[in-house]
> 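The structure under discussion is supplied below as structure tokens; questions concerning it will follow.
What you see is a predicted model; the values in this text were computed from it and never measured. Side chains are part of it too, since the values below use all heavy atoms of this structure and drop only hydrogens, waters and symmetry mates.
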Amino acid sequence: QVQLVASGGGLVQPGGSLRLSCATSGFVSERYAIGWFRQAPGKEREGISCIADSDENTYYTDSVKGRFTISRDNVKNTVYLQMINLKPEDTAVYYCAADPLGCRSVVASDIYGLEYWGKGTPVTVSS
């Protein structure tokens, strides 16, 4: 059974930090790029970060560059998203997903190109 389980979300003050985790099972995750999407209320789901399977190249959308860091531990089958200096506009539900096309679908925010999705974890940045 394929599973991607995102965790680590919560309520944090502006300027604070969170680390999201995406634990994968039921498929060979190291053969997929793993990406993070987020969806704020009333907005479309957008791809914000991705880490490739082969060379572990990374991608960040402009709004999170310099603040978010993605990494993967293939032994633990887990991908992490370290988020610092969080802003109210980072408030959203965060999802992880497996991209069979080497981050191409994440970069394009093409939600139909992702092969597997996890349930989201909510992040609220508020004072």
Side-chain angles (χ1 to χ4, degrees):
Q1 181 183 0
V2 171
Q3 281 192 312
L4 290 89
V5 180
S7 62
L11 173 64
V12 64
Q13 292 187 340
S17 302
L18 285 173
R19 188 177 79 156
L20 305 184
S21 299
C22 176
T24 67
S25 61
F27 68 106
V28 185
S29 60
E30 57 262 34
R31 295 181 183 174
Y32 289 78
I34 302 295
W36 287 94
F37 284 72
R38 68 184 180 187
Q39 188 164 19
K43 295 191 176 181
E44 294 187 349
R45 195 171 297 189
E46 63 166 336
I48 61 168
S49 184
C50 187
I51 186 164
D53 51 335
S54 54
D55 54 10
E56 297 198 0
N57 274 339
T58 56
Y59 159 78
Y60 301 96
T61 195
D62 286 347
S63 61
V64 308
K65 277 180 186 175
R67 301 187 299 121
F68 291 10
T69 303
I70 192 169
S71 61
R72 68 191 298 164
D73 184 334
N74 286 335
V75 174
K76 295 182 178 179
N77 293 324
T78 301
V79 172
Y80 303 98
L81 186 68
Q82 178 68 50
M83 307 186 295
I84 65 170
N85 192 21
L86 284 160
K87 304 175 181 180
E89 52 264 41
D90 295 317
T91 295
V93 178
Y94 285 69
Y95 301 86
C96 57
D99 190 340
L101 300 177
C103 290
R104 221 174 299 173
S105 294
V106 178
V107 172
S109 292
D110 176 12
I111 63 173
Y112 301 105
L114 284 301
E115 188 157 344
Y116 305 117
W117 284 93
K119 293 183 180 179
T121 185
V123 172
T124 303
V125 184
S126 175
S127 54

> Tell me the closest heavy-atom pair linking A23 and T78, and the distance in Å.
CA-OG1, 4.0 Å
> Any salt bridge linking D90 with K87? Criterion: basic side-chain nitrogen under 4.0 Å from a carboxylate oxygen.
no
> Please say whether more than 12 non-hydrogen atoms of neighbouring residues, nucleotides or ligands are located less than 6.0 Å from CD in E89.
yes
> Under 4.5 Å between side-chain heavy atoms, hopping through other hydrophobics if needed: is there a path connecting I51 to L101?
no
> Establish whether Y59 and L4 are linked, either directly or via other cluster members, by ILVMFWY side-chain heavy-atom contacts under 4.5 Å.
no
> Roughly how far apart are T69 OG1 and L81 CG, rounded to 0.5 Å?
8.0 Å
> At their closest point, which heavy atom of S49 faces which heavy atom of V106, and how far apart are they?
O-CG1, 3.5 Å
> What is the distance from atom CG of L18 to atom CD of Q82, rounded to the nearest 0.5 Å?
8.5 Å
> Got a sec, which pairs hit ring-ring contact (aromatic ring centres under 6.0 Å, His included) with one end in residues 82-127, sequence neighbours left out?
F27-Y116, Y32-Y116, F37-W117
> A side-chain contact here means heavy atoms from C-beta on lying under 4.5 Å apart; do V123 and L20 qualify?
yes
> CG of L114 to CD1 of I34: how many Å apart, nearest 0.5 Å?
9.0 Å
> Indicate yes or no: at least one non-hydrogen side-chain atom of R38 is less than 4.5 angstrom from one of E46.
yes
> If only atom types and distance count, is the side chain of S127 paired as donor or acceptor with the main-chain N or O of Q13 below 3.5 Å?
no
> Where do G8 and T121 come nearest, in terms of heavy atoms and distance?
N-OG1, 4.0 Å
> Set out, in order, the CA-CA distance, both residues' side-chain angles and the distance that settles side-chain contact (heavy atoms from CB on, under 4.5 Å) for S17 and V12, then state yes or no.
CA-CA 7 Å; S17 302; V12 64; over 6 Å; no
> Let me confirm one number: the OH-CD1 distance from Y80 to I70, rounded to the nearest 0.5 Å.
12.0 Å
> So does R104 have more than 12 non-hydrogen atoms from other groups sitting under 6.0 Å from CZ?
no
> Kindly give the heavy-atom pair with the smallest separation between A52 and R72, and that separation in Å.
O-NH1, 3.1 Å
> Measure the NZ-SG distance between K119 and C96 for me, rounded to the nearest 0.5 Å.
12.5 Å
> Is there side-chain contact between V79 and W36, with at least one heavy-atom pair below 4.5 Å?
yes
> Please report the shortest heavy-atom distance between A33 and C103, naming the atom on each side.
CB-N, 3.5 Å
> Check whether any side-chain heavy atom of S25 sits under 4.5 Å from a side-chain heavy atom of N77, and report yes or no.
no
